[in-house]
2 protein chains.
Amino acid sequence: MADELEQTVKTVLEEDHARLAEYLSIETVSAQNRGIQETVDFLKREFTKLGADNVETWQDVGDSNPFIFAEFKAGESGNANKTLLFYNHYDVQPPEPLDEWTSKPFELTEKDGQYVARGVSDDKGELMVRLSSVKVLQQTGGLPCNLKFIVEGGEEVGSPFVPEMVAKHADQLKADALVWETGGKDADDNFQVTCGLKGIMSFELTVQTAESDLHSSLAAYADNAAWRLTKALASLKDDNNRVLVDGFYDDVRKLTPTEKAAVEQLEFNAATTRETFGLKRPFVTEDPKTALINDPTMTINGLTSGYEGDGVKTVLPKFAKAKLDCRLVPNQDPKKIADLIQKQLDKNGYEDVHVTFLLGEDPFRSNLDDPFVQLAVDTAHEVYGNKVKLVPNAAGGGPEAPFSETLNVPVVAVGSTFAGSGPHAPNESVRVADYAQDVSYTARLLNHFKDL
Amino acid sequence: MADELEQTVKTVLEEDHARLAEYLSIETVSAQNRGIQETVDFLKREFTKLGADNVETWQDVGDSNPFIFAEFKAGESGNANKTLLFYNHYDVQPPEPLDEWTSKPFELTEKDGQYVARGVSDDKGELMVRLSSVKVLQQTGGLPCNLKFIVEGGEEVGSPFVPEMVAKHADQLKADALVWETGGKDADDNFQVTCGLKGIMSFELTVQTAESDLHSSLAAYADNAAWRLTKALASLKDDNNRVLVDGFYDDVRKLTPTEKAAVEQLEFNAATTRETFGLKRPFVTEDPKTALINDPTMTINGLTSGYEGDGVKTVLPKFAKAKLDCRLVPNQDPKKIADLIQKQLDKNGYEDVHVTFLLGEDPFRSNLDDPFVQLAVDTAHEVYGNKVKLVPNAAGGGPEAPFSETLNVPVVAVGSTFAGSGPHAPNESVRVADYAQDVSYTARLLNHFKDL
């Protein structure tokens, strides 16, 4: 049986390679509103070809990109009383900076045992893994349970419409468990079963000091937007990564003993991590395992001011902008954090530096003792041996809280990424072998889920 | 005689308007290496047409843009023993940001009594004023003294070749006095006779924390180039515009009693300045007059890091860069200042933030008691009435020190700009009336100079 499944995985992957390449070739950049309809058409066609019993597009919330909803009923020998829901997104990050790609961002390239393309890890590749698993199951005894897929097109711009969409379609989305968009292996190649996500609050800081740019000879009396921004930013964080905003850490829930134990068994290989990203600076914490799970952060994503070109321009800029995000943990609230930051800037004397809230997602963490969580871990041991870790929550974010809370389901995030995937960076990649293992893992998980 | 001169100014200005427009239409952006040869050809032709006795281009120093040197001999009734040298530059600043121009940057536009175009104030317009003055003098009794013009093409990128060029051609450049590129009126419409320039040291700060951009979920353990840069910058300046670099102010020469008296008689109209630039923040000093003359400054010209586009990108940038300049006063040394800044960064714990020296120009100030300085002031009273001020040095910079020190001549900077000219900003302008007055002033200055 297991041999038959593994053999089928191989042949299905060969058949499905062209579909993966086609999906990755579409430039679905939600931040730039590109490629959306083409992607939606592609996915509807592929779900239908695969034999979905129902394929719908939902666009009844705000001016969201279409949500794609697809259902597959359990096969004849399956359990029609069990339903698993998959969440994915079809949009990807912008490909910039383009000059750092060693191959075309929207062309699937195989190199050194890796698939390279924008979205191959985050997470167009993962949806294709799941569709291949469906085909494997169809060819090896039929679908063991009902499946539902919800695929959105706004994850990379903060999933602003997910909470309302989930509330509106809660009946259709009803399931016994949820498998989140992506997951994979850590720097030591441990396969991770991850039970939650950090929250996020993205914002901009802007400051304007004049109506026009000035000549820098006027610096002796006129203030400078770039200096204001720099000083304001520096006042929000110390040199040890600690956020200097009153009340910022107040709502952070301490880890439970179970969560603490899970954190303890995690591995963090400083040398590998350092090498993977070419880190030149020491880490900012001495306890990265706990920090990644339960420390909120504040990150500058970008800085813009004045003249950024070649050569010299002696300008005194009227305007400066920083883009930032805060990663949040239970029970922090995105809007409240934005307010605290503005209050702190005011208190520090930077009332002219303005916080603009761009998006917020609540943090979420499943109960680590849930049987579905345990099933995901046990199944992982079949495929990945003893290299399996239970992770309370990922360091990244996503719109998980609205699903898990509204539908009241346990959630695991599993997938095919590795520590060097670089999900938002140039040369985003997954390893070909991991991709194949993930198809096998997903098929096995569904087979076991039938009997949970 | 004066009436004849004023009448001639009028007719010459009408004749020369097309030449001004043509000169401004050439996109001579030295930072982008555009339009250089076309501009050189234009100027050689115009000097020749105007009857120069000698026109040369010098390109014998490094890989400099051509220097144009032109000589006119005194007329028959002039004083062949007196020679005045004019310094100008034919290159201009880049026109960016383009969307803030209300007319085309390289098209002379007349609007609300102003000429608007890139370079009209800094300082293509000024050279055209001087050529028109030559024509006026030719038509009203002949040139009263010998004239020399040196026009360079690298001023906006820091005049890197001027010191060597002046040393090499000192004999040909020999003169009794030097008139600097530009000047004009302050915010209260006082005509300024300016006797020096601040120095400048332009540099970049760069920091790299990783080989690739990271996902911002890794902020709990990996350092961030944008934060490093921000904290490093903030450590270099306090909130009162004071530079926090050990030794930065050590070489600043105190103002002499004569210079102090000159500073006292200057006017600084805070309200006008605030309105002209739409300043939203208080001034950073309570003594702007002294600060503009004798305070060195450090200005952020630009900030670049990570994602600067629309929407949200949850990236943790590997690289960050700031462009800066320091305005320097006698007797500060550009290279020494760059070294002090790197030392301070190291001392502050930012050894990974690197200073790259881009260019340096020494500060310079003429002796305010020189008879030529007094002549320039006296002549100004003829044209501008009692609204004349003697300024020890401008707040801006330029390659004045190599000329004045090598040739051992007094220098004044005079011209047609006003407080709203915005020399490096969009919609750079001069007032049409000031332009005409400046032609008259320059002609009168030469007539008097003959007898000095």
Side-chain angles (χ1 to χ4, degrees), chain A residues 31 93-94 157-158 202 208-224 226-227 230-231 233-234 239 277-281 283-285 288 291-292 295 297 299-308 311-316 323 325 327 358-359 395-396 422-425, chain B residues 31 93 157-158 202 208-224 226-227 230-231 233-234 239 277-281 283-285 288 291-292 295 297 299-308 311-316 320 323 325 327 358-359 395-396 422-425:
Chain A
Q93 282 280 314
V157 292
S202 287
Q208 178 151 12
T209 46
E211 290 295 338
S212 62
D213 283 344
L214 280 69
H215 192 278
S216 73
S217 60
L218 302 172
Y221 72 86
D223 214 336
N224 173 322
W227 272 121
T230 298
K231 298 290 287 184
L233 279 168
D239 279 326
F277 300 108
L279 298 185
K280 295 171 187 301
R281 292 270 316 160
F283 303 118
V284 292
T285 173
L292 283 167
D295 275 3
T297 59
T299 299
I300 300 174
N301 308 129
L303 292 172
T304 308
S305 185
Y307 185 67
E308 307 184 40
V312 162
K313 181 165 177 171
T314 50
V315 67
L316 190 158
K323 299 175 91 83
D325 68 53
R327 300 287 175 170
L358 295 181
L359 69 91
H424 287 194
Chain B
Q93 282 279 314
V157 292
S202 287
Q208 178 151 10
T209 48
E211 289 295 339
S212 61
D213 283 344
L214 280 69
H215 192 278
S216 73
S217 60
L218 302 174
Y221 72 86
D223 214 336
N224 174 322
W227 273 121
T230 298
K231 298 289 290 185
L233 279 167
D239 280 325
F277 299 109
L279 297 186
K280 296 172 187 298
R281 293 269 317 159
F283 303 119
V284 291
T285 173
L292 283 167
D295 274 3
T297 59
T299 299
I300 300 175
N301 308 130
L303 292 173
T304 307
S305 184
Y307 185 66
E308 308 183 39
V312 163
K313 180 165 177 170
T314 49
V315 68
L316 190 159
K323 298 176 91 85
D325 69 53
R327 300 287 175 169
L358 296 180
L359 70 90
H424 286 194

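All values below come from the heavy atoms of this structure, side chains included, with hydrogens, waters and symmetry mates left out. Letters A, B, ... mirror the listed sequences (proteins, then strands); counts begin at 1.
A:Asn301 places no side-chain N or O within donor-acceptor distance of the main-chain N or O of B:Thr314, the cut-off being under 3.5 Å. No side-chain donor-acceptor contact under 3.5 Å links A:Asn224 to the backbone of B:Thr299.
Taking NE2 from A:His215 and CZ from B:Arg327, the interatomic distance works out to 5.0 Å, rounded to the nearest 0.5 Å.
For B:Ser202, the part sitting under 4.5 Å from any heavy atom of chain A is the side chain, from C-beta outward, and nothing else. Contact annotation for B:Gln93: only side-chain heavy atoms (C-beta onward) come within less than 4.5 Å of a heavy atom of chain A. Contact annotation for A:Leu358: only side-chain heavy atoms (C-beta onward) come within less than 4.5 Å of a heavy atom of chain B. Of the two parts of A:Lys323, only the side chain, counted from C-beta on, holds a non-hydrogen atom closer than 4.5 Å to a non-hydrogen atom of chain B. With a 4.5 Å cut-off on non-hydrogen atoms, B:Asp213 touches chain A through its backbone and its side chain both. Contacts between B:Arg281 and chain A at a heavy-atom distance below 4.5 Å involve backbone atoms as well as side-chain atoms. For chain B, the nearby part of A:Asp325 is the side chain; its heavy atoms alone come within less than 4.5 Å. Using a 4.5 Å cut-off between heavy atoms, B:Leu233 contacts chain A through both its backbone and its side chain.
With chain B as the partner, the residue from A:Thr285, A:Leu218, A:Leu279 showing the most heavy-atom pairs under 4.5 Å is A:Leu279. Chain A forms the most heavy-atom pairs under 4.5 Å with one residue out of B:Pro288, B:Gly311, B:Ala395, and that residue is B:Ala395. Between chain B and the options A:Ala222, A:Ser216, A:Pro423, the largest number of non-hydrogen pairs under 4.5 Å is found for A:Ser216. Most heavy-atom pairs under 4.5 Å with chain A: of the set B:Ala31, B:Ser212, B:Ala220, this distinction falls to B:Ala220. Highest contact tally toward chain B, considering only A:Gly302, A:Gly306, A:Ala291, is held by A:Gly302 [criterion: heavy-atom pairs under 4.5 Å]. Between chain A and the options B:Val312, B:Thr297, B:Val157, B:Thr230, the largest number of non-hydrogen pairs under 4.5 Å is found for B:Thr230. Note on B:Asp239, B:Leu316, B:Leu359: by heavy-atom pairs under 4.5 Å with chain A, the leading option is B:Asp239.
Scanning all heavy atoms of the two residues, the minimum distance from B:Ile300 to A:Ala226 falls at CG2-CB, 3.5 Å. Between A:Ala210 and B:Phe277, the closest heavy-atom pair is CB-O, 3.5 Å. A pairwise comparison of heavy atoms in B:Lys280 and A:Gln208 identifies CD-O, 3.3 Å as the closest pair.
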